[in-house]
Amino acid sequence: MSVNLTQGAVEALLNGSPLNNIVLQLLNIRQVVTGPGPPRFRLLMSDGQHSWNSFLLATQLNHLKEENRLVPNCVCMVKKSIINKLSDGRLVVIVMDVEILQSAEETGGKIGNPTPYNAVGKTSSPQKSASSTSDLPDSSPSAAEPGPSYMYNSTLSPPRGRGREFVEKSPMKASPMKTSWTSPMKTSPMKTSWTSPMKTSPMKTSPMKTSPMKTSPMTTSPMKGTSTSPGSSTMLIANINPYQSKWTIRARVTNKSNVRTWSNSRGEGKLFSFDVLDESGEIKITAFNNEVDKFFTLVEHGKVYYITKATLKVANKQYSTLKSNYEITLHAHSSIVPCDDSQGLPAVHCDFVPIAELENIDVDTLIDVIGICKSADDVSRITTKTSREVSKRALNLIDTTGKVVALTLWGEEAEKFDVSGKPVVAVKGARLSDFGGRSLSALFSSTVMVNPDLPQAFSLRAWYDQEGYALDSESLTQTRSMGSGQKTNWKTLSDVKNEHLGHGEKVLLSVLKVNTLPQGFGVHSGIQRETKNKHRRRRAERMTNAEGFIQSGLVALCSRSC
DNA sequence: CCCCCCCC
């Protein structure tokens, strides 16, 4: 059996050509040093001509390594990758989607005699071993990472009572990471919001780790996984509906709640819910009482299942960002069977809303946002109306629109958040509030992802490190505590002049408190009227200090033209 | 059959 490697692919990739569906041989795989959290695997790949050791497996593909599918000498098709340039100029290739075409046994050894590719454009000296994993500087393994990727879900505490508290569900933190990604993602089309497909080839050599299906939901056994599409055997989530009782979906669990109890006039009981995703869409599934006992431990985040025989009902969109018009309720005859074939199933689906657009979206809408966490409040404890204490922490997220919005995390999620390295934060299903203008709050059902392996995350990282960090950003969220401390972004009057603050639409209210204005700074009489507004006057006073510095944030306070 | 999501 033979496969052809895509000769020249390594060189082309590293010269910036976005290549999809290239066939490479894995020569080595090892874990790079990270802190707690999901491991990162670094791959030495060969196209038969050149090898390159700075391929990184996207963390959502870690299962391929953990299931011993990605072993040295196997031949893979790298279906999708993202090229990143580190601040020191080194290139890393993030493998976003890979399919194993041929096992190591079948391949039988190294193909050809590849030489390590040199980033400068030459192959390195021939005396170096082609299979060495140290043919490139490896002084800081973490520098080859796109960031410590981790994720939490906001979930409820175990069913012990009313004491609801955020619980970090997937503590997948990695070490702090200061890497500066400097290259824009040429291979990251931003148009699509379906990200990080996790396609894997059905492995003939991989025995089923899960128990065989007790029930066969299909006429043709889906366990064979012999075709690249679900074919006639399963239905897509987008196509199921309440009028059709016979359906089976194959889908990945993307969000799983804890068990919760309820008690109301209609009765009491317990439930848990989870979201599942396939290539067509996503849908929420809820299990009650007996079905909780039956399925709670079986259903695992990230895993793929065949799901059949359950009730479809119209979804209440108020509680979900999922696209489906329906949701699923499990019943006594429902079947959930693990599936070994995750081919074609994305890891996550987000419809990120640009931060600047939040101003135009109705309050209480559930939305997905991605941004750089450029700063964060300290964790604080608040007491709720029901006398519970809970931690909270607001993150300030900025995206390429240049606008900032505060996202409040709660409970353990707030306490565990690591702001160092100004990580990319993606939140799925946050609720938009109008506090301070516009702000966001993470919900029990929200998913907060830190440095996720998403093309949008890589793009944002590059944007921020190149230009975004220097932006005089404007926050949609005005907090009363501004101006009270070190978080304040003070500007000198020369900054105001150089950055043309106060020109155009905006007015600088704070200038009112400056005793002596240098040449070139004028105060429009209209401002006096505005300051008669008690609220605004108070803010203006706070935002001006004795040295005649003003705070850039207050530019947003007034929209009257000078 | 839940749908709680907290505070400024």
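Chain letters run A, B, ... following the sequence lines, proteins first and then strands; every chain starts at 1. Any value given below was found using the heavy atoms of this structure, including those in side chains, with hydrogens, waters and symmetry copies removed.
Salt-bridge check for E357(A) with R438(A): failed, with every basic side-chain N at 4.0 Å or more from each acidic carboxylate O.
Rounded to an integer number of Å, the gap from CZ of R431(A) to P of dC3(B) is 15 Å. At whole-Å resolution of the value, CG in L440(A) and C1' in dC8(B) are 15 Å apart. The CG-P distance, from L366(A) to dC5(B), rounds to 13 Å in whole Å. As a whole-Å value, the separation of N258(A) CG from dC5(B) P is 17 Å. One interatomic measurement links the two molecules: CG of L271(A) to C1' of dC3(B), which rounds to 9 Å at whole-angstrom precision. For the pair W262(A) CH2 and dC4(B) C1', the interatomic distance rounds to 13 Å; values are reported in whole Å. Summarising the geometry, the separation between CZ on F435(A) and P on dC5(B) is reported as 18 Å, rounded to the nearest angstrom. The interatomic distance linking L407(A) (CG) with dC7(B) (C1') rounds to 14 Å, in whole Å.
Sorted by first and then second residue, the side chain to side chain donor-acceptor pair (under 3.5 Å) pairs involving residues 321-331 of chain A (not counting sequence neighbours) are K323(A)-D351(A). Sorted by first and then second residue, the ring-ring contact (aromatic ring centres under 6.0 Å, His included) pairs involving residues 273-292 of chain A (not counting sequence neighbours) are W262(A)-F288(A), F272(A)-F274(A).
Regarding contacts with the backbone of dC4(B), every side-chain N or O of R388(A) stays at 4.0 angstrom or more from both OP1 and OP2. Using a 4.0 Å cut-off, no side-chain N or O of K392(A) falls inside it from OP1 or OP2 of dC8(B). Taking only side-chain nitrogens and oxygens, N316(A) never comes nearer than 4.0 Å to OP1 or OP2 of dC2(B).
Looking at heavy-atom distances under 4.0 Å, T383(A) makes contact with sugar-phosphate atoms alone, never a base.
One donor-acceptor pair, N or O on each side, does fall under 3.5 Å between the base of dC3(B) and the side chain of K284(A). Interface remark: the R381(A) side chain does not form any donor-acceptor pair with the dC7(B) base, using a distance-only criterion of under 3.5 Å. A donor-acceptor contact under 3.5 Å is formed by the side chain of E327(A) with the base of dC2(B).
Distances from the side chain of Y319(A) to the nucleotides dC2(B), dC3(B), dC7(B) place dC3(B) closest.
When all heavy atoms of Y319(A) and L366(A) are compared, the pair lying nearest together is C-CD1, 3.6 Å.
Using a 4.5 Å heavy-atom threshold, the side chains of D275(A) and T447(A) count as separate.
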